[in-house]
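First the structure, in the form of structure tokens, and then the observations on it.
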Amino acid sequence: MKLTNVLGLLGVAMYLYGCYDGLFIAPADRFMGDIQRIMYVHVPSAWTTMVCFTISLVAALGWVAGLVRGKAGDGRWGWDDWLESSIEVGVIFGGLLIIQGMIWAKPTWGVYWTWDPRLTTVAVMELMFIAVLALRGFVEEAQRRATWSAVVTLVAYVNVPLVYFSVQWWSSLHQAQSSSDNVDPAMQLPLAINAFAVMFIAIGLMGLRARLAGLTRVALLADVGGEA
Amino acid sequence: MPPIAPSTTPATVQATGLSRRHGARWALRGVDLALHAGTATVLYGANGAGKTTLIRLLASAMRPTAGSLRWFGDVSPDRVRVATLSHHDGHYDDLTALEHLSLGARLLPSPRAGRPPRPSPHDLLMRVGLSARSGSLVRTYSAGMRKRLAFARLLQKGADLVLLDEPYAALDPAGALLVDGLITELRGQGACLLVSTHQVQRTAALCDHAVRLDEGRVTWTGLASDTVGHPSVERGPT
Amino acid sequence: MESLFQCVALAQKELMVQWRTRARFGSVLVFGVTSLLVFSFAVGPDSSALQAHAAGYLWLALLLMSTLSLQEAARLDVQNGALEALVLLPVDGRALYYAKALVNTVTLGGLGTLLIPVVVALYDAPVKEGALWLIATVWLGSAALVAPGTLYAALTSRARAGDVLLPLLLFPLVVPALLGSVKATEVVMLGDPMGRLGSWLGLVLAFDVLYWSLCGLLYPLLLED
Amino acid sequence: MQGHWDAVMLAYGLTTATMCVYLGVLLARLRAAERPSRPGDSK
């Protein structure tokens, strides 16, 4: 069993307990009430999204480093597989994050979208990485597709801190943004458990998706008897 | 495969097990080839045999998927010493012939020690017969005139390895004579030429060696003079 | 030093080529003016609303124009394999990028500057802090759109459905520059009591510095095949 | 502002369902991708 699969299964087990704890054992928030329990899936999704896109950065750097040293594609496709898988899983958890944010915001602040700097940054990041997936869909040649998506990933990732800063500055002009970060100790346990749980699950999913990316490339080449 | 012509200096370009894949298809597989200075080689084969892929790999316009390439004994291509005439003529429609050559003159480094100075744009235009139209935009040129300008830009480099991909295409008889003269002149100056063409007879008469490609593999190599009577040439590439 | 001379020669070439195809870039300007008009129809004749958001409309029009002008400029290189001929000459990839990006900035900055009188007239937008600041903001913001835009246009001009891909890639990326430019323009137009102009322009400048350097490093990687 | 259990369950349910569906899709595509090249040996 591959390490990523083991982590994935461990993550599932932790997730089950974490959700149970978050829903039924942890105390409700004094001000917001039970709606605040969404935190136990919302914050973990946020961290997981960031971890996924950081893995994409590492995969992109790995591929580009090989290019700069003059190596052709073969034998190094692992970087490209993990780039594709980390972006796809990152986009999925980013999407979940945004939807959870809206489900939480509507009853609490009366609007689906509050221009909270963190959520808005994730939304912009989400669009940037969806664009990378779109680009990969429009380029057939494996070598060119790997290089172009690595370059775009680098350009996009470097932008994230700047997006966060500019949105925070831009939105703080309108209304101060309150966030429930003062976490009661009894809440920290399920939060920590779920944070690692969702991350391990994401790693497991990325492992599978990377293998799939590798197989589809080999399958694409196999029908002509080409080796990877 | 033994190098075609024994020679002390390293081959101008040496390919070993050279392969290139486009997505699912192997355009070139396991090509071993050594070309030497002062020689001209005609490359022939059916459409899709991999001629253009081989030319683009030797021109370092493309990276090989497998195998290795050495230019002038070195792994990294010294592109100043390599000149290519490809299907795309590489011109800007909105510049004139003269402007292309003046730009080339400014972009190219001064010639290496012991090499003759670069011919001036006017001499080049004279050489390819474009002096009359040197001031009009390339957009207004015929296909033949565009090819002549491509020759002028190629000559401007004074390269040691010259790769010609179907030089005779879209040329009138006068233009074809120009190509013949060009091949003979460059070979005489000690350059190494690889000419990919379907006019095998005409080109073979000017070259030393011949290489035949079929479905990405080298299926025959030998002296250019042998191609005259060679069955595969008489029947024409399959 | 060598690639600096090459950059200058290439920039002159690019300027000449884009000047000679100015009819296409002229139509991009007409498109900008059309979109300004359409915005007012979309929002309605209430001039106070139009005036308040004039800065936003200007930058929306500029953003849409940038896509078209960047694609047009990239197509000039892809035609006849002109870019590849230069790469094989050889020409330093960075020199190619900076020559192209500089001329693209001149084109977009020029088009943007020509939009200003249209915005002032159409939306009756005041220019409290002076026209010079407005022009400076337009040029700084145009440079911010062009830096990554030139890199992306080199990609999308060689991909299928490239016309869809360029805005898809570019728009989310330029959010910080857009926010900074719109706020800076708004402050120049409606007055800057709290002296915020400097900091908004600083944000756009930071974006410029980041991407004018990073894209110059990454551009040569796209030339390999 | 007590209650809102419906919103909480929606958030948890959506998160869990998405992960399950994605896992299912991945496993199905992996099985399909592996079958032609090695029909005999099953993982």
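Lettering of chains follows the sequences in order, A, B, ..., and the numbering in each one begins at 1. Atom set for the values below is all heavy atoms of this structure, side chains included, hydrogens, waters and symmetry mates excluded. Just so it is clear, the structure is predicted and the values come from calculations on it, not from any experiment.
Residues of residues 92-101 of chain A lying under 4.5 angstrom from chain D, judged on non-hydrogen atoms, are A:Ile92, A:Phe93, A:Leu96, A:Ile99, A:Gln100 by number.
Of the possible polar contacts, one joining the A:Arg76 side chain to the A:Trp63 backbone as a donor-acceptor pair under 3.5 Å is found.
If you look at A:Phe53 and A:Phe129, their ring centroids are closer than 6.0 Å.
For D:Thr18, the part sitting under 4.5 Å from any heavy atom of chain A is the side chain, from C-beta outward, and nothing else.
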Mind listing the side-chain donor-acceptor pairs of residues 192-208 of chain A below 3.5 Å, one per line with the distance, residues two or more places apart or on another chain?
from: A:Asn194; atom 1: ND2; to: A:Tyr40; atom 2: O; distance (Å): 2.9

Please table the atom pairs, donor to acceptor, closer than 3.5 Å between any side-chain atom in residues 1-28 of chain A and protein atoms at least two apart or in another chain.
from: A:Tyr15; atom 1: OH; to: D:Thr16; atom 2: OG1; distance (Å): 2.8
from: A:Tyr17; atom 1: OH; to: A:Asp21; atom 2: OD2; distance (Å): 3.4

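In this structure, A:Glu140 does not pair ionically with A:Arg145, as no charged nitrogen and carboxylate oxygen lie closer than 4.0 Å.
Under the side-chain hydrogen bond (donor to acceptor under 3.5 Å, both in side chains) criterion, D:Tyr12 pairs with no residue at all, not counting sequence neighbours.
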